[in-house]
Amino acid sequence: METKILVVDDEPQLEYLITQKFRRQIRAKEFELVFALSGLEALEKIREQTDIDLVLSDINMPGMDGLTFIAKLREINPLIKTVMVSAYGNLENIRKAMNNGAFDFVTKPIDFQDLEATIKRAIEEIESHKEAAQTKEQLNQLQELDALKTRLYTNITHEFRTPLTIILGITDRLTEELEESAQSGLHMIQRNGHHLLNLINQMLELRKLESGKALVHMQQGDMLAYLKYITASFDSYAASRDIRVHFLTEEQGIVMDYDPEKVLHIVSNLLSNAVKFTKDGGDVYVSVAIEAGENLLLKVKDTGIGIPTEKLAYIFDRFYQVDDSATRASEGTGIGLALTKELIKVLQGTIQVKSELGKGTQFTIHLPISRDAAIKEDALSHMVEEKLNAFVPPPASSFAPNLEPEVEAPLTLIIEDNPDVRQYIASCLEEEYRLTFAENGQVGIDMALDLVPDLIISDVMMPEKDGFEVCEILKNNAHTSHIPIILLTAKADVESRLKGLQRGADAYLPKPFNRDELLIRMQKLLELRRQLQQYYLSLTADDQVSLNEKDSAEAEQEHQFVKQVRAVIEAHLADPKFVVPDLCREIGMSHSQLHRKLSALTGLSTKKLIRSIRMNYAKKLLKDPQLTITAVAYDAGFNDPDYFHRVFKQVFGMTPGAFRDTI
């Protein structure tokens with residue numbers, strides 16, 4: 001390996017001397033020598049030639065001395081080794097040189113054997129550092145590869161676990177209740193079975209293509225009619241999102257050889273992505289033309305979110321995802337486009353992509369036109385319909401929110417972006433809980449703040465906001481901090497579980513989950529909430545109640561909230577006109593929000609809580625014999641003493657006078 005050495009000395013004859021002494025190393029390409037007559041000139045060469053490994057520098061030079069030079073050199077590139085070669089070899093200069101980072105010091109007149117040995121030692125250390133740097137780079141590459149594999153396995157696991165949740169869960173239900181839920185359940189099993197099978201088939205197909213074992217089954221027919229049929233099959237799915245699919249062509253028909261299954265996969269994958277990443281109300285265009293009489297030109301264009309320019313080069317790489325975050329808009333493994341490109345290559349075609357962030361993406365495919373295969377007019381509609389199940393998401397859940405106000409069952413908010421999972425969870429809970437649904441994390445947060453449910457079940461990997469963010473935001477908001485949250489997700493690794501619990505999740509269940517375990521978890525969380533109601537209710541009556549040390553971190557926020565509500569009510573005890581709307585205004589919540597939070601915390605409605613605090617205050621006043629019962633009634637906010645008597649007896653089981661007699 002050649003070492004580049006910069007010699008810095010203001011004596012011009014030194015260049016000839018050094019070159020002669022090291023001519024063997026120069027011829028053998030062990031050394032490459034560069035010369036500079038001053039420290040300033042040397043710094044310029046180092047900035048220009050970044051491959052300099054070693055510097056031999058004098059001390060006494062014009063403009064910038066050697067000691068100042070190596071101090072500056074250290075700022076520019078601290079990895080370059082420096083050997084001082086100077087007649088000024090006193091201890092002070094040696095110490096200064098070493099303090100500024102010099103590797104060694106050789107005195108003049110130069111002993112070239114000593115200098116060569118010093119250079120050799122410096123080179124050994126330089127090579128050692130280079131090997132260490134190379135090892136570090138390799139380690140970084142391995143870490144990046146490991147991170148890629150981790151993302152791959154996480155995403156594949158998520159994709160596999162979601163359909164398995166449906167398949168296993170519905171199978172269990174059908175075993176118990178075949179007559180009741182067979183029809184919808186069987187459809188869900190079939191749909192998710194197809195989805196899982198397609199994921200496995202894609203991976204196997206990709207492996208075949210890589211190994212060169214994929215077979216092409218060409219037949220001759222009207223390619224234009226086939227492309228129209230595939231495109232029309234996406235109309236219903238696109239219409240459900242108010243997306244218009246346009247098929248554009250000037251051709252009347254295009255008879256050519258094609259492989260129906262491979263073309264179906266290519267076009268369906270591109271159309272599925274186009275609809276998936278186009279916002280509601282957008283457009284998708286499929287255009288077909290004959291190019292120079294030799295190639296079929298197929299374009300799939302959308303008005304969707306687009307792809308960042310720096311990521312376009314990677315979108316056909318296996319397992320690459322433009323968005324691999326937990327909040328990505330759609331699920332996926334990163335296999336689809338890689339497989340699409342490989343299939344097009346097998347068909348002797350090419351594919352290109354162009355995209356503009358926020359404006360859309362266009363894929364352009366060129367396929368050669370040939371007419372050598374046997375003509376086949378078999379109907380392909382059955383195969384298309386069967387295969388499309390893998391590309392078209394399931395319809396939205398038919399479960400409507402059950403929010404009837406007279407129903408006393410706990411209100412549960414299900415935050416889940418997969419319609420089938422929403423429907424399955426609903427089928428598990430609908431008999432015992434009132435249900436409402438959110439299709440992503442942000443909608444879930446908004447609904448939780450508005451409805452203040454009794455319990456929340458949330459996925460982790462969702463668009464807009466992931467489950468961890470849902471936990472963190474809701475647990476740190478006074479409106480919703482008391483609500484138990486169960487994270488129900490395919491991210492079942494220990495790190496994710498710990499992350500969820502750290503963000504405030506009350507329970508963490510992996511998919512596929514056990515229905516009975518979910519129900520028990522929910523029951524236990526609600527039971528714990530009811531036990532805490534007695535504690536929080538006591539806060540409205542007793543100043544001396546304090547938190548247990550082990551519970552303080554978790555319950556402090558609710559503790560302070562109940563004390564705040566009590567303080568506001570107590571500040572208006574003598575005002576009979578202070579009612580629920582006034583309390584809502586001062587606390588900063590709507591009537592329904594405050595009612596649901598206080599009901600969850602204390603078991604009392606807002607109106608009953610105000611009355612309870614008035615009654616407890618009256619009870620204290622009655623202990624003062626100087627106050628008449630009528631005065632106590634007025635001080636507790638009752639402008640009708642008779643009504644005060646009735647309410648007091650209703651709450652405490654005795655009249656105010658009888659209570660005073662017991663004191």
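- Here the shortest heavy-atom pairing between Gly306 and Ser355 reads CA-OG, 3.4 Å.
- Taken from CZ in Phe31 to NZ in Lys4, the straight-line distance is 15.0 Å, to the nearest 0.5 Å.
- Classification of the Tyr285-His246 ring pair by plane angle, with boundaries at 30° and 60°, yields parallel.
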> For Thr118 and Phe105, what are the C-alpha separation, side-chain angles and deciding distance, and is it a side chain to side chain contact (heavy atoms under 4.5 Å, CB included)?
Replying inline: CA-CA 9 Å; Thr118 302; Phe105 202 109; over 6 Å; no
>> Could you walk me through whether Asp302 and Lys276 satisfy the salt bridge (charged side-chain N to carboxylate O under 4.0 Å, His left out) test, starting with their C-alpha distance in whole Å, then the side-chain angles of each, then the deciding distance to 0.1 Å, before giving a yes or no?
In response: CA-CA 10 Å; Asp302 63 62; Lys276 187 188 299 181; over 6 Å; no
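- For the side-chain contact (heavy atoms from CB on, under 4.5 Å) with Val83, the lone residue among Val55, Leu54, Ile119 that qualifies is Leu54.
- Rounding to the nearest 0.5 Å gives a distance of 9.0 Å between CG of Leu67 and CE of Met61.
- In terms of heavy atoms, Pro463 sits closest to Asn440 at O-CB, 3.4 Å.
- For NZ of Lys72, the number of neighbouring non-hydrogen atoms (other residues, nucleotides, ligands) closer than 6.0 Å is 12 at most.
- A cation-pi arrangement, defined by a distance under 6.0 Å to the six-membered ring centre and an angle within 45 degrees of its axis, is absent between Lys81 and Phe103.
- Distance alone, capped at 3.5 Å, is enough to place a donor-acceptor pair between the Asn476 side chain and the Glu472 backbone.
- Asp459 places none of its side-chain heavy atoms less than 4.5 Å from the side chain of Val421.
- The nearest pair of heavy atoms linking Glu41 to Leu37 is OE1-N, 2.9 Å.
- Classification of Arg47 and Glu44 as a salt-bridged pair holds, one side-chain N sitting under 4.0 Å from a carboxylate O.
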> When you look at Glu116 and Phe22, which way does the side chain to side chain contact (heavy atoms under 4.5 Å, CB included) test go after all the steps?
Replying inline: CA-CA 9 Å; Glu116 186 175 357; Phe22 292 123; 4.1 Å; yes
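- Residues Leu367 and Gly349 approach most closely at CD2-CA, 4.0 Å, considering heavy atoms.
- Proximity of a side-chain donor or acceptor of Glu11 to a complementary backbone N or O of Gln13 within less than 3.5 Å is not detected.
- In this structure the side chain of Ile365 reaches within 4.5 angstrom of the side chain of Ile344, judged on heavy atoms.
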>> For a side chain to side chain contact (heavy atoms under 4.5 Å, CB included) check, start with the C-alpha distance between Ile315 and Ile307, then their side-chain angles and the critical distance, and finish with the verdict.
In response: CA-CA 9 Å; Ile315 65 167; Ile307 302 168; 4.2 Å; yes
> For Leu357 and Thr309, what are the C-alpha separation, side-chain angles and deciding distance, and is it a side chain to side chain contact (heavy atoms under 4.5 Å, CB included)?
Replying inline: CA-CA 8 Å; Leu357 202 60; Thr309 303; over 6 Å; no
> Step by step, would you call Asp9 with Lys108 a salt bridge (charged side-chain N to carboxylate O under 4.0 Å, His left out)?
Replying inline: CA-CA 12 Å; Asp9 199 299; Lys108 291 181 179 179; 2.7 Å; yes
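- Crowding of Lys301 atom NZ: a count of heavy atoms from other residues, nucleotides or ligands under 6.0 Å not exceeding 12.
- Of the residues Thr340, Leu298, Leu337, the one that meets the side-chain contact (heavy atoms from CB on, under 4.5 Å) test with Phe363 is Leu337.
- Nearest heavy atoms, Val275 versus Ile243: O-CD1, 3.7 Å.
- Taken from CD1 in Ile5 to CD1 in Ile18, the straight-line distance is 9.0 Å, to the nearest 0.5 Å.
- Looking only at distances, a side-chain donor or acceptor of Thr19 sits under 3.5 Å from a matching main-chain atom of Glu15.
- Expressed to the nearest 0.5 Å, how far CG of Asp450 lies from CD1 of Ile445 amounts to 13.5 Å.
- No more than 12 heavy atoms of other residues, nucleotides or ligands lie within 6.0 Å of CD in Gln113, so this atom counts as exposed by the packing criterion.
- Here the closest heavy-atom approach between residue Ile70 and residue Ala102 is recorded as CD1-CB, 4.2 Å.
- Here the side chain of Lys475 pairs a donor or acceptor atom with the backbone of Ile483 at under 3.5 angstrom.
- Residue Ser272 holds its OG atom at 5.5 Å from CZ of Phe234, rounded to the nearest 0.5 Å.
- The distance from the CG atom of Leu474 to the CG atom of Leu449 is 6.0 Å, given to the nearest 0.5 Å.
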